[in-house]
Amino acid sequence: MAKIQMKTPLVEMDGDEMTRILWQDIKDILLTPYVDLKTEYYDLGLPERDRTGDQVTVDAAEATKKYGVAVKCATITPNGQRMEEYKLHEMWKSPNGTIRAILDGTVFRAPVMVKGISPVVKNWKKPITIARHAYGDVYKATEFRVPGPGRAELVYHGEDGAQMCQTIYDFECAGVLQGQYNKDSSIRSFARSCFQYAVDTRQDLWFSTKDTISKKYDHTFKDIFQEIYDGEYRARFEELGLTYFYTLIDDAVARVIRSQGGYIWACKNYDGDVMSDMVSTAFGSLAMMTSVLVSPDGKYEYEAAHGTVTRHYYRHRKGEKTSTNPVATIFAWTGALNKRGELDGLEDLQSFAQALERATIAVIEGGTMTQDLAGLWEGEVPAKTVDSRAFLQAIAAELDKRL
Ligand code: NAP
Ligand code: MG
């Protein structure tokens, strides 16, 4: 069979540890036999980041801006212990943070669902995608302990000489104080990425804050979302039959639990941090969570939500076979190939990506899976646990039947 051709290269960002091993196996077993894979390769593995002074991460992000679609392997974010282990010159920043800052993007996380592994919340039938505004608020706050009685004020000095000052509280005892901020430009980018991704994936968009209590801060988020919806997206949403729905965060939580899923839930930074862990845990395994970074001008970087699975890697290095789940990494590739196909008008590339996703799900639903899933399995046939490579080979066999 002739291999499927590509036009524009994908930006390929390699990574670390167990996911780096899976990365190569996925390419060898599931991609290159079928697709004449065109990628611009960037090695974001920690040794190469260290050798290039992290320039390779910046170059990869710039390439994503240029080509529009990237696929990324999980990477180590260095800490003290990694400094030792890899003899690093510097404690390099998280590559995801660097790439996100350059693309000004928002991260969307969604689970891959299979029959036989049911969410803890029994009425969830479709994935819930969480979009987190990863900028500002409490994550960039200034705070201190107030030592004793005294007045706390919120003060702003405009560059033009304007002054604003309000009393926060007249402390009669010791306490705590915090100042937070966000920027209209960042909220706008967040809103655009959310509306864009809703249109892309044909899903409704929910957005929630606490604007009844936070009448200026959270209300600004609400207003900016509404302004961008009305000005740039309403017509497209109506044409596609999609809904933009704003509600209070506490009402949203109640509705999410009662819902069937199948929408995007956009959250402020803290809400997104907390809710994404709750939602992903309730859906099952972290190894089934996909993640895509979307910039406001429609650039995409696909990856798995999990890390480099260090514990499995240490076992792999001792020569043991591991049963590490490659599903989220496979779906990062299929997401990127499908998007590339869509942008370049390559229907056979899109069909391939979709067939690979269906084959992956079919193998699990047929009872063959990695160890992490076997523990969650409630299917009728007993689970057959296999190592990573045997799992990839089972998917290839299923794919061959379908192509
Ligand atoms: P992790 O790699 O996500 O793994 C945590 C645990 O979750 C694993 O030990 C494993 O549990 C389970 N797990 C995760 N993915 C799995 C998979 N595909 N198949 C089977 N089990 C899976 O998180 P971590 O151990 O906290 O972090 C390891 C490294 O990854 C760190 O250096 C961190 O900086 C990096 N990291 C990178 C990213 C990213 O690039 N996006 C995100 C998070 C973390 P068992 O050991 O019990 O089997
Ligand atoms: Mg968290």
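Computed from a predicted structure; not experimentally measured. Count residues from 1 along the sequence. All ligand and atom numbering here is 1-based and tracks the order in the structure.
- Shown in contact with A287 at under 4.0 Å from a heavy atom are these atoms of ligand 1, numbered in order with element: 16 (C), 17 (C), 18 (N), 19 (N).
- Taking each of N96, D16, T75 in turn, the one with a heavy atom nearest to atom 37 (C) of ligand 1 proves to be T75.
- Aromatic pair F352/Y34: ring centres closer than 6.0 Å.
- Shortest contact from atom 36 (N) of ligand 1 to any protein heavy atom: G307 CA, 3.4 Å.
- Neither the backbone nor the side chain of Q371 has any atom closer than 4.0 Å to an atom of ligand 1 (non-hydrogen atoms only).
- Near A74, the atoms of ligand 1 lying under 4.0 angstrom from a non-hydrogen atom of the residue are 40 (O).
- Aromatic ring pairs are classed by plane angle as parallel below 30°, tilted from 30° to 60° and perpendicular above 60°; the pair F225 and F207 is parallel.
- With a 4.0 Å cut-off on non-hydrogen atoms, E17 does not touch ligand 1 at all.
- Listed by number with element, the atoms of ligand 1 under 4.0 angstrom from any heavy atom of T310 are 28 (C), 29 (C).
- Under the 4.0 angstrom criterion for non-hydrogen atoms, M18 is not in contact with ligand 1.
- Within the 4.0 Å heavy-atom cutoff, R82 counts among the residues contacting ligand 1.
- Distances between N or O atoms of R311 and those of ligand 1 include at least one value under 3.5 Å.
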Assess whether side-chain hydrogen bond (donor to acceptor under 3.5 Å, both in side chains) is satisfied between Y67 and E40, documenting all intermediate values.
CA-CA 10 Å; Y67 292 113; E40 195 165 291; 2.7 Å; yes
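- Between A305 and ligand 1, no pair of N/O atoms sits closer than 3.5 Å.
- Figure legend: cation-pi geometry between R132 and Y139, with NZ or CZ positioned under 6.0 Å from the six-membered ring centre and within 45° of its axis.
- Ring-plane geometry between Y197 and Y300 is classed as tilted, the angle between the planes lying from 30 to 60 degrees on a 0 to 90 degree scale.
- Taking every heavy atom of T324 and a limit of under 4.0 angstrom, the matching atoms of ligand 1 come to 17 (C), 18 (N), 19 (N).
- By the definition of a contact as any protein heavy atom under 4.0 Å away, atom 2 (O) of ligand 1 is in contact.
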Under 3.5 Å donor-acceptor pairs involving side-chain atoms of residues 71-78, not counting sequence neighbours:
from : atom 1 : to  : atom 2 : distance (Å)
K72  : NZ     : T75 : OG1    : 2.9
K72  : NZ     : N96 : OD1    : 3.0

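- For atom 9 (O) of ligand 1, the nearest protein heavy atom lies under 4.0 Å away.
- Protein heavy atom at the shortest distance from atom 4 (O) of ligand 1 is V309 CA, 4.2 Å.
- Remark: distances from the non-hydrogen atoms of K72 to ligand 1 include one below 4.0 Å.
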